[in-house]
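Take a look at the structure set out below.
These numbers come from a predicted model, not from an experiment. The chains referred to below are lettered A, B, ... by the order of the sequence lines, with proteins before strands, and numbering in each begins at 1.
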There are 2 protein chains.
Amino acid sequence: MEVAPRPPATPASPTVITARELARHLGVSQSMVSRAFSPGASIAPEMRARVLRAAEELGYRPNVIAAALSRRRSSIVAIVMAELTNPFYPAVLEQLTEALQAAGLQSLLFTVPPGQPADSCLPLLRQYHVDAVVITSASLSSAGAAEWLGDGRAAVLFNRTAAGPTALDSVACDNLAGGRAAAEALLAQGRRRLAFVAGRADTSTSQDRERGFRAALAERGLPPPLRVEAGDFSYEAGHRAALALTGEADGIFFANDILALGGLDALRHESGLRVPADVAVIGFDDIPMAAWPAYRLTTLRQPVPAMVARAVELLQARLGGTAGPPRGERLPAELVARQSL
Amino acid sequence: MEVAPRPPATPASPTVITARELARHLGVSQSMVSRAFSPGASIAPEMRARVLRAAEELGYRPNVIAAALSRRRSSIVAIVMAELTNPFYPAVLEQLTEALQAAGLQSLLFTVPPGQPADSCLPLLRQYHVDAVVITSASLSSAGAAEWLGDGRAAVLFNRTAAGPTALDSVACDNLAGGRAAAEALLAQGRRRLAFVAGRADTSTSQDRERGFRAALAERGLPPPLRVEAGDFSYEAGHRAALALTGEADGIFFANDILALGGLDALRHESGLRVPADVAVIGFDDIPMAAWPAYRLTTLRQPVPAMVARAVELLQARLGGTAGPPRGERLPAELVARQSL
DNA sequence: AGCGTGATTGCATACGGATGCAAAGTCGCT
DNA sequence: AGCGACTTTGCATCCGTATGCAATCACGCT
C-alpha cells in the first residue's frame, strides 16, 4: 500500500469559520448559530441579529454539505441534458439555473449521450442525494422513474411527457395544438402537398407535433402528409430530410427549428428552390437564429420563461410536500409569423 | 413560532442502504465497506470483492455528501458561465461536463449576469465547498481570486487569461497568433482597408485578438485597422457594427463568430454588399453555424476538445497537490478556410 | 409570595463515511 | 518453536449542522 497517512486532512484555510467557532466567539451555543440561519426557528430576534452580524463580520456561511447531511436534503437539483447542441436547450438551461438559484437551489448538471435514456445517471443522482431532477431532452424509463420517486424526491420532465404509466410531473408546451397550428398556417397559404419532418422518432415532442399536424389535415378531409424521419434533431438531419423532400412537397413542417434551418439551407442552396415561393417552411421552438435575416423562419414559439417558472413551481410544491397527483402542464405555443411561408 | 416539530426527518426510503447496514449484513465493520470503495485503501482483495458484490446486490452506493463532509473534499467543480447565448459556450459546457464526469467530478453550474465579474457567486461557491472552479466567459477580480485560492482549492480560467498580478491557471487558445493569422489571411486576399470589430472590450479574448491583428499590420508597415466596438459578443452587436463599417472597409475581422454572423447578415441583407466579393469577413471560434451553407464563414477554430482536456488536467494536478506555479496554457488556433474571404 | 405559561437557550446526538491507531492474523525465516 | 515484519480488520472519533428535549428565564396573575 502506498498511500502515506496524511495529516488530519488538509488544514482548513484560516478564512473558513464553523458554526461552533462563531458560537464560541459570541459566547453562545452552536445551536443558536444554526437557528439564526433557519427561518422560523425558535430564536429571539435580538439574538438572531447578533449572530447574523457577527457572521457577516467573520465571514461565516453555513456549510451546505454538512447541512445537507444533517437535514437529509441537499438543495441541489440535477438537470439532465442531452442535446446541448440544439440551441433551444442552452436557453432553457440558463433560465432554469437562474430560476433555481433564485429559489435557493443549485443546479448539478448531468449530460447524457443523445438518444440514451436518462437512466444511466440515476446511480449518480442517488449518490449525490439531489432533491430533485429536471429531465430535459432525455427520457427516463418507467422503471427508472419508479426507482427514483418514492420518498421526498421530485422529478419534472421538461419539454417531454411521460411515456407509459409512471406518472411524473411534466411541463411542455402544447405540442398537439402547435402541430395543428402549423398545419393551419400552411393551409392558409394555399399549400396542399404537405410534409412532416420528424426528429428523433421516440420523443414525445416529435410525436405530438406530428399527431396534431395529421389531425388537422384529417379533420379537413385532406390526405396525410408526406413523412420523412430525420433521425435526430440536428441541422444536418434537417438538411438531408429536405433534400429527400425536394419536389415532393410545397409546404414542410419541421419538428423543430434546428431541423428547419438545415432544411431551409438545403432547399435554397442545394435544391435551388425559393422559400417561400416554391416551398413554405415552418418550424417549432423559436430559437434565436430563427429570427436572423438569413432565415426569417416562421415558427411556433415555446414559452420558455413560463415553462421554466412552472417547472420550478412544480418542483417546489413536490419538495414542500404540498402536491397532489402528478400534473402534466401544457402551455400554449405561439405562432411567430416571419418570411418562410 | 409556527413550525411543527417534524418526525425525525423524512423516513429514509427503504431502497437507500448505508455503509453500516451493508456492513452488518456482511458481518464486517463499516470501515471495510468504506475501504472497499477507496482505491488504494488497506483491504484484502477478497474482502473488497465480497463487499462490492454485496453492494451491487443491495444497491448500496456511498453517499457523496457524507463522504464530502468527512473527507473535506466534495468532488464537485463549479462551472461559472455567463454567455450561454453564444453558441461557443454550450459546446464547451457539454464537453467540460463530460470530461469532469469521466474524471469522477460533478459540475455545479453557476450563471452570472453577462458583464458581471464572477465574484458574485463566490459566497455560494464557498458554501458549497466546491473543490474547484472553472471560470468561462466571466472574469474574476484579483481580490476574488485571492480570496478563493489558498488551501487545496483550484481555479482555472477557460478562454480567459488572468488580468492583474493574481496568477491563476488558465487555458485559452493563442488569441494573439490567431489575430495575426486573421490579418495574414485578409492581406493574402489583397484586402487593404481592414477593420476590427471588438466584442466586450474588457475581455482578454477580444483584446488579444486585436493586438495580434494590429501587430501583424504594423510589422508590415501598414496602417492600423479601423475599429468598431460592438459592446458585447452577440449577433445583434455584430450586425450593428457591420452597418457602421459599410463602405469603410473591404476586410473585417470580427472578434468572434457570433459577431461575424451578425455582420455577415447585415452586409448581405442590409448593406447589399457581396461577401466576399465586396467585403471579406473572418471570425473566431468556429461555432457549428459558421459551417452552414447560409454563412460558410472563414474563421479561426478554437481547439475546444484539447482545451477542455488541458483544463481538466490542470485542475486535477492542482487538486492532487502536484502543481507548480500557475500556468497559462495557449493552444494554437487553426484557420478554417471557407467562403467568406 | 407562589405558580403557571410561553419564549429562549443549551445539551446531546444523529446524519453517513473516512481514517489514525491499535489489535489480530499471516508468513517466513532462523 | 519463536519472533519480527507486514497485512487486515475493527474501534473510536471527527467532519459541520440540525433538532428533539429538557432546562432556564421572564412575566403575569391569584
Rounding to an integer number of Å, can you tell me how far [X] [atom1] sits from [N] [atom2]?
| X | N | atom1 | atom2 | answer |
| --- | --- | --- | --- | --- |
| A/Ile65 | D/dC14 | CD1 | C1' | 16 Å |
| B/Met47 | C/dG25 | CE | C1' | 12 Å |
| A/Leu22 | D/dA18 | CG | P | 13 Å |
| A/Leu26 | C/dG10 | CG | C1' | 15 Å |
| A/Arg71 | C/dC15 | CZ | C1' | 12 Å |
| A/Glu46 | C/dA7 | CD | C1' | 11 Å |
| B/Ile43 | C/dG17 | CD1 | C1' | 14 Å |
| A/Arg24 | D/dT17 | CZ | C1' | 17 Å |

State whether [X] places a side-chain N or O below 4.0 Å from either non-bridging phosphate oxygen (OP1 or OP2) of [N].
| X | N | answer |
| --- | --- | --- |
| A/Arg72 | C/dG16 | yes |
| B/Tyr128 | D/dG16 | no |
| A/Arg20 | D/dG16 | no |

Closest to the [X] side chain: [options]?
| X | options | answer |
| --- | --- | --- |
| B/Ala67 | D/dT8, C/dG17, C/dT9 | C/dG17 |
| B/Ala19 | C/dG17, C/dT9, C/dC15 | C/dG17 |
| A/Ala44 | D/dG16, C/dA18, C/dT9 | C/dT9 |

Nearest-nucleotide comparison on DNA chain C, the residue closer to the 5′ end among A/Val28 and B/Arg61: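 Per heavy-atom nearest nucleotide, the more 5' residue is A/Val28.
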With sugar-phosphate meaning primed atoms plus P, OP1 and OP2, does B/Leu69 contact a base, only sugar-phosphate, or nothing at under 4.0 Å between heavy atoms? base
Counterpart residues, salt bridge (charged side-chain N to carboxylate O under 4.0 Å, His left out), relative to [X] (two or more places apart):
| X | value |
| --- | --- |
| B/Arg35 | none |
| A/Glu313 | A/Arg310 |
| A/Glu57 | A/Arg53 |

With A/Arg327 via side chain to side chain donor-acceptor pair (under 3.5 Å) - residues at least two apart: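 A/Glu329.
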When you measure from every atom of DNA chain D, which of residues 29-38 of chain A have a heavy atom less than 4.0 Å away?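 Per residue number, the list reads A/Gln30, A/Ser31, A/Ser34, A/Arg35.
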Got a sec, which pairs hit ring pair (Phe, Tyr, Trp, His ring centres under 6.0 Å) with one end in residues 34-61 of chain B, sequence neighbours left out? B/Phe37-B/Tyr60
Gap separating the CG atom of B/Leu108 from the CG atom of B/Asp131, nearest 0.5 angstrom: 11.5 Å
Euclidean distance, A/Ser75 OG relative to A/Ile65 CD1, rounded to 0.5 Å: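 Going from CD1 on A/Ile65 over to OG on A/Ser75, the span is 11.0 Å.
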